[in-house]
Structures are given as C-alpha cells and as structure tokens.
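As structure tokens, the structure follows; a few thoughts come after it.
Sequential numbering from 1 along the given sequence is applied to the chain's residues. Just so it is clear, the model here is predicted, and its values are computed rather than measured.
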Amino acid sequence: MVKDYVQVEVLLVIGTTFSTSNWVDNDDKTDARQYTEIERLEEACWNGLLKPMLPEVWIDPPNDGILYLWEVKQGESCLKLELSEILTSIDPRRSIAPLSFLSFRNDN
C-alpha cells in the first residue's frame with residue numbers, strides 16, 4: 001500500500017504589514033548587521049516560527065508525522081516555502097508559485 005505524505009507550499013509576500021512585523025528570534029545573538037525584511041522573515045521560518053506565525057495554514061500530518069521545512073526560495077516580492085514529511089519535489093503544474101504555473105498557461 002502506498003503511503004500518502006503531506007506536502008505544503010506557502011508563499012509569503014514581502015512588503016506587507018505581516019512581513020514587516022517584528023518576529024522574535026529564537027537566539028539571543030547580538031549582531032551589528034541590519035537585516036532586510038526578507039532576510040528577517042526567512043530567518044524566522046528557519047528558526048521554526050512558521051507555525052506560530054501562520055497557525056491557520058499549518059497542517060499536522062496524520063499518525064504523528066512531522067512537517068519539515070526543506071527549502072526556502074527568495075523571489076522578487078515573496079518567499080516560497082516548501083514543507084513536507086519527506087524530501088520530494090513539487091510538481092510545477094500544481095505549484096502556487098507564479099513563475100511555475102505561468103509557463104503552463106493555455107490560451108484557448
């Protein structure tokens with residue numbers, strides 16, 4: 001029997017009040033460098049703050065599975081997050097990333 005795995009793709013749009021929020025770091029590191037909005041948001045995602053930031057889009061896998069953040073891709077105006085139980089690629093025809101599905105546009 002083939003097991004179905006949970007796979008989630010999230011787009012976080014930059015330049016909104018959500019993305020400019022001051023997300024608390026998990027680390028108490030002091031760094032003189034000022035990070036950009038997209039870098040701070042990406043760091044918050046890698047630090048495991050995605051579930052507290054967006055509880056309404058979080059999906060808990062069945063049978064005590066764990067969602068892992070496998071990839072964060074930066075775009076011009078968004079961050080694309082790929083989460084799943086196992087490392088697997090997302091079919092571009094089913095992706096929510098604009099550059100993925102625009103190439104499959106049918107002009108009928």
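A distance of 10.0 Å separates CD in Glu71 from CD in Glu9, rounded to the nearest 0.5 Å. Rounding to the nearest 0.5 angstrom, the gap separating the CG atom in Leu81 from the CG atom in Leu12 is 4.5 Å. The SG atom of Cys78 sits 5.0 Å away from the CG atom of Leu11 when rounded to the nearest 0.5 Å. We find the CG-NZ distance between Leu69 and Lys51 to be 14.0 Å, quoted to the nearest 0.5 Å. Atom CD of Glu82 sits about 8.5 Å away from atom OG of Ser89, to the nearest 0.5 Å.
For Glu39, the side-chain hydrogen bond (donor to acceptor under 3.5 Å, both in side chains) criterion is met by Arg33, Thr36, not counting sequence neighbours. A search for salt bridge (charged side-chain N to carboxylate O under 4.0 Å, His left out) contacts involving Glu85 returns nothing, not counting sequence neighbours. Not a single salt bridge (charged side-chain N to carboxylate O under 4.0 Å, His left out) links Asp64 to another residue, sequence neighbours left out. In this view, Gln7 satisfies the side-chain hydrogen bond (donor to acceptor under 3.5 Å, both in side chains) rule with no residue, not counting sequence neighbours.
Taking 4.5 Å as the limit, some side-chain heavy atom of Pro61 sits within range of a side-chain heavy atom of Leu67. Between Gln74 and Leu79, some side-chain heavy-atom pair lies under the 4.5 Å cut-off. Side-chain contact check for Leu50 versus Leu83: some heavy-atom pair is nearer than 4.5 Å. Using a 4.5 Å heavy-atom cutoff, the side chains of Cys45 and Met53 are in contact.
Across all their heavy atoms, Leu49 and Pro52 have their closest contact at O-CD, 3.3 Å. Shown here for Pro62 and Val6, the closest heavy-atom pair between the two residues is CD-CG2, 3.8 Å.
Each ring-ring contact (aromatic ring centres under 6.0 Å, His included) pair with one or both residues in residues 61-81, not counting sequence neighbours, appears once here: Tyr68-Trp70.
Ile86 forms part of a hydrophobic cluster together with Tyr5, judged by ILVMFWY side-chain heavy-atom separations under 4.5 Å.
Cluster membership for Ile66 and Leu87, using ILVMFWY side-chain heavy atoms within less than 4.5 angstrom, is shared.
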